[in-house]
Trainee: 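Here it is, the structure in full.
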Amino acid sequence: MIKTKVILLLLLLAVGCETNLQRVEIDKWNEGNHLDTPLGFAMFLSQEPQGLNFRDSYVTNIVRLYVKTGNIEAPLAMIPFLKLSNDKIVCLSIIAATVAKQRRFKKLDEIVEIAKSLKGTGYNPIPVIPIAAAIAVEGTLTRALNVVSSIEDDCHKIKALTKISEALLAAGENKIALASLQQGPQIVKEMSDGGGIDKIQSCFALSLAFCNAGGVDQALLLAKQIHAPFDKSRVLTAIARSLFESGDRQQSLTLLTQSSKLAKHVNDDRFKSMVVRPIAFLFADHGDFSQALEFAARLDDPSTRYEILSRKATALAAMGELEEALKAARAIPESGNAVGQIAVALAGKEEFTKAFDLVNTIENKYEKGPALVKIASALIEAEQFEQALSALDRLAASDLPTFGETRYLISSLAESGQLKLAHEIASRTNDNLQKVRALLVIAVAQAKTPDNEQALQTLQQAMDTANKLEDSHNTSAGWLKIASVQLQFGQPK
């Protein structure tokens with residue numbers, strides 16, 4: 001049945017592109033005749049979570065594109081028909097953001113009320129939280145905080161504030177992100193001490209959120225309220241990690257040292273890995289592999305030690321100490337991934353012959369394929385395009401899996417304007433689903449140039465490739481992605 005409907009969609013998309021892509025007739029949905037628009041197809045797919053196992057991005061991307069056209073009512077009318085609660089929540093967030101931007105506050109209040117009526121999910125336990133975050137990003141922080149105040153549970157209020165802050169940081173609104181957290185400490189203070197783990201977790205989450213938003217002093221003040229070695233070590237390591245990633249290595253190392261001392265008092269095997277692993281990895285990122293390996297040795301599971309040895313090998317290769325790098329890598333039982341990282345490090349230094357020689361020693365095809373793509377990427381960076389294409393040809397001939405690395409390379413090239421090279425690499429890809437996705441990325445990039453006709457040709461190539469997909473999941477995924485891209489073009493003839 002699914003395959004029949006997908007074939008119907010194929011025909012409709014191939015010859016019926018003049019359909020009004022901004023219209024969804026709910027009565028057609030009720031009659032079962034709902035596949036003539038991308039939004040209708042999204043509704044259909046949302047009813048088949050077991051058979052198709054789609055991530056919400058496939059369905060919600062179509063809603064996002066409809067909303068960009070100014071069409072609010074059609075996607076909003078679709079919400080009750082979506083089967084997955086998370087799809088409903090994400091789609092409502094997209095609609096809420098646009099309504100907030102338009103300052104249609106009465107409609108915004110309606111959307112908030114719809115969200116309050118929805119059932120939470122594991123990813124979004126309180127549906128109004130992502131709605132509040134979407135509202136805040138569109139410059140209406142006061143209204144977003146009003147939504148937060150309507151949440152009864154204090155722990156969930158803290159979650160809402162941290163989500164709002166994260167969304168604002170992602171939008172580049174750092175000062176507003178910090179301002180959004182200011183009522184958090186008072187909420188934590190008023191939480192009952194009997195709340196136990198909830199209060200500790202809220203303090204932890206709020207402390208990290210302050211740190212990410214640039215409020216390190218406030219983060220550390222909150223950390224002082226945590227006394228148990230296990231919890232205090234975790235929050236100090238998290239702050240140290242955030243400082244490291246922001247470039248403040250000295251303060252990061254100071255806090256990491258404090259955290260490592262506390263971690264030595266955590267002996268319960270159930271909790272030890274939660275404390276020790278982040279400390280070990282952060283010491284490794286600081287370049288202190290001796291300390292990193294010392295902490296890794298406290299764990300029964302050797303995987304942390306192997307990962308640190310792999311990072312050490314990569315760092316040594318980047319410094320030109322190849323023999324020491326290989327020594328570290330070969331101390332790992334399954335060393336293919338580490339050897340691949342060394343090869344990539346050599347390629348980054350334009351030592352391509354050594355890189356290829358090394359990657360050819362890798363026996364595991366699942367580790368060899370991604371390494372070859374990364375070497376090809378380094379060749380492109382060095383403007384050695386023929387050698388890069390030759391490497392990718394060898395990769396395709398060997399039928400080595402790349403776990404999306406090729407598509408990532410194509411996307412990077414397309415986004416940087418190297419469309420001809422991106423298209424050349426896409427045409428050499430054996431995996432048809434990855435090829436469809438790569439071609440669509442290229443088509444979208446081409447559509448931003450004056451040569452819109454070339455974009456439509458690439459879109460048609462993606463559609464032709466989608467015809468070759470064999471199983472129903474891949475076919476449906478490919479066609480839904482195509483439908484969303486058609487919306488970005490408007491109505492391709």
Trainee: So E350 and E381, side chain to side chain contact (heavy atoms under 4.5 Å, CB included) or not? Walk me through it.
Mentor: CA-CA 9 Å; E350 298 191 15; E381 285 286 326; over 6 Å; no

Trainee: Would you say F356 and E351 make side-chain contact, with heavy atoms under 4.5 Å?
Mentor: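 Result no, sub-4.5 Å side-chain heavy-atom pair not found.
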
Trainee: For the residue pair D248 / S246, report whether a side-chain donor-acceptor contact shorter than 3.5 Å exists.
Mentor: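 No - no donor-acceptor pair under 3.5 Å links their side chains.
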
Trainee: For the residue pair T429 and Q434, confirm or rule out a side-chain donor-acceptor distance under 3.5 Å.
Mentor: no

Trainee: Keeping the roles fixed (side chain from K232, backbone from I226), state whether a donor-acceptor pair exists under 3.5 Å.
Mentor: yes

Trainee: Donor-acceptor pair, distance only, cut-off 3.5 Å: does the side chain of S416 make one with the backbone of S412?
Mentor: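 Yes, S416 side chain to S412 backbone: donor-acceptor pair under 3.5 Å.
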
Trainee: Would you call R428-E424 a salt bridge at under 4.0 Å N-O?
Mentor: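 A salt bridge links R428 with E424.
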
Trainee: Using a 6.0 Å cut-off, check whether atom NZ of K88 has over 12 heavy atoms from anything other than its own residue.
Mentor: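 Yes, NZ of K88 has more than 12 neighbouring heavy atoms, counting only those of other groups under 6.0 Å.
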
Trainee: Would you give the length of the straight line joining atom CD1 of I164 to atom CG of L145, rounded to the nearest 0.5 angstrom?
Mentor: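 Answer rounded to 0.5 Å: 5.5 Å.
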
Trainee: First locate atom CE of M191, then atom NZ of K199, and finally report the distance between them rounded to the nearest 0.5 Å.
Mentor: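 The CE atom of M191 sits 7.5 Å away from the NZ atom of K199.
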
Trainee: For I89, is there any backbone N or O sitting under 3.5 Å from a side-chain donor or acceptor partner on S93?
Mentor: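 Yes: the side chain of S93 pairs with the backbone of I89.
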
Trainee: Ignoring hydrogens and angles, tell me if any N or O in the side chain of S335 forms a donor-acceptor pair with the backbone of A331 under 3.5 Å.
Mentor: no

Trainee: Can you confirm whether more than 12 heavy atoms, excluding those of E245, are under 6.0 Å from its CD atom?
Mentor: yes

Trainee: Minimum heavy-atom separation for K349 to G320, with atom names?
Mentor: NZ-CA, 3.3 Å

Trainee: Side chains of L253 and L243: closer than 4.5 Å at any heavy-atom pair?
Mentor: no

Trainee: Counting N and O atoms only, with roles assigned by atom type, does the side chain of S207 sit under 3.5 Å from a partner on the main chain of A219, one being a donor and the other an acceptor?
Mentor: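 Yes, the answer is positive, given that a donor and an acceptor are paired below the 3.5 Å cut-off.
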
Trainee: Walk me through whether F244 and H286 qualify under side chain to side chain contact (heavy atoms under 4.5 Å, CB included).
Mentor: CA-CA 8 Å; F244 176 84; H286 273 284; 3.5 Å; yes

Trainee: Consider side chain to side chain contact (heavy atoms under 4.5 Å, CB included). Of I187, V235, L222, which one does L206 pass it with?
Mentor: L222

Trainee: Are R311 and T314 packed together at the side-chain level, in the sense that at least one heavy-atom pair is separated by less than 4.5 angstrom?
Mentor: no

Trainee: Considering non-hydrogen atoms only, spot the tightest contact between A292 and A280 and give its length.
Mentor: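 Of all heavy-atom pairs spanning A292 and A280, the closest is CB-O, 3.2 Å.
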
Trainee: What's the separation between atom CD1 in I425 and atom CZ in F385, rounded to the nearest 0.5 Å?
Mentor: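 One gets 9.5 Å once the value is rounded to the nearest 0.5 Å.
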
Trainee: Under a 4.0 Å N-O cut-off, is there an ion pair linking R241 with D285?
Mentor: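 Salt bridge flag = yes for D285 with R241.
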
Trainee: Would you say CD of Q186 has more than 12 non-hydrogen atoms from neighbouring residues, nucleotides or ligands within 6.0 angstrom?
Mentor: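 Buried by this count: over 12 neighbours within 6.0 Å.
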
Trainee: To check you understand the geometry: which heavy-atom pair defines the closest contact between L208 and A238, and what is its length?
Mentor: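 In this case the closest contact between L208 and A238 is CD1-O, 3.6 Å.
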
Trainee: Taking the side chain as everything from C-beta on, heavy atoms only, tell me whether L346 gets closer than 4.5 Å to L322.
Mentor: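 SC-SC contact between L346 and L322 confirmed.
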
Trainee: Return yes when atom NZ of K354 has more than 12 non-hydrogen atoms of other residues, nucleotides or ligands closer than 6.0 Å, and no otherwise.
Mentor: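 Not more than 12 within 6.0 Å, no.
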
Trainee: First locate atom OH of Y306, then atom CG of D301, and finally report the distance between them rounded to the nearest 0.5 Å.
Mentor: 9.0 Å

Trainee: Roughly how far, to the nearest 0.5 Å, is the CG atom of L421 from the CD1 atom of I410?
Mentor: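 Here the interatomic distance stands at 9.5 Å.
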
Trainee: Kindly say whether I135 contributes a backbone atom to a donor-acceptor pair with the side chain of T140 at under 3.5 angstrom?
Mentor: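 Present.
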
Trainee: Can you give me the closest heavy-atom contact between V275 and S233, atom names plus distance?
Mentor: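 Looking at all heavy atoms of both residues, the closest pair is CG1-OG, 3.2 Å.
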
Trainee: Do S259 and I279 have side-chain heavy atoms sitting under 4.5 Å apart?
Mentor: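 A side-chain contact exists here, since the closest heavy-atom pair is under 4.5 Å.
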
Trainee: Taking NZ in K435 as the centre, count heavy atoms belonging to other residues, nucleotides or ligands within less than 6.0 Å. Is the count above 12?
Mentor: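 More than 12 heavy atoms, drawn from other residues, nucleotides or ligands, come within 6.0 Å of this atom.
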
Trainee: Could you walk me through whether L255 and L220 pass the side chain to side chain contact (heavy atoms under 4.5 Å, CB included) check?
Mentor: CA-CA 10 Å; L255 291 179; L220 290 172; 4.0 Å; yes

Trainee: Taking all non-hydrogen atoms of both residues, which atom of S165 and which atom of A213 are closest, and how far apart?
Mentor: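 That closest heavy-atom pairing would be OG-CB, 4.1 Å.
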
Trainee: Looking only at side-chain N and O atoms, does H423 offer a donor or acceptor that is under 3.5 Å from a partner on Q446?
Mentor: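 There is no such pair between these side chains.
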
Trainee: Could you measure the distance from the CD1 atom of I131 to the NZ atom of K163? Nearest 0.5 Å is fine.
Mentor: 13.5 Å

Trainee: With side chains defined as the heavy atoms from C-beta onward, is the minimum distance between L141 and S180 less than 4.5 Å?
Mentor: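 Yes - at least one pair of side-chain heavy atoms lies under 4.5 Å apart.
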
Trainee: Do other residues, nucleotides or ligands put more than 12 heavy atoms under 6.0 Å from the CD atom of Q182?
Mentor: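 Yes, CD of Q182 has more than 12 neighbouring heavy atoms, counting only those of other groups under 6.0 Å.
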
Trainee: Do you know which two heavy atoms are closest between V436 and A462, and how far apart they sit?
Mentor: CG2-O, 3.7 Å

Trainee: Scan side-chain atoms only and decide if Q291 and S260 contain a donor-acceptor pair under the 3.5 Å cut-off.
Mentor: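 Side chains of Q291 and S260: no pair found under 3.5 Å.
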
Trainee: Determine whether a donor-acceptor pair (N or O, by modelled atom type, separation under 3.5 Å) exists between the side chain of S377 and the backbone of V373.
Mentor: no

Trainee: How about K261 and T257: do any of their side-chain heavy atoms sit closer than 4.5 Å?
Mentor: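 In contact.
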
Trainee: Taking the side chain as everything from C-beta on, heavy atoms only, tell me whether L372 gets closer than 4.5 Å to V359.
Mentor: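 Answer yes - side chains close enough.
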
Trainee: Please step through side chain to side chain contact (heavy atoms under 4.5 Å, CB included) for the pair D231 and F204, ending with a clear verdict.
Mentor: CA-CA 8 Å; D231 296 307; F204 178 94; over 6 Å; no

Trainee: With a 4.0 Å cut-off, would you call K327 and E323 a salt bridge?
Mentor: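 Salt bridge: no.
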
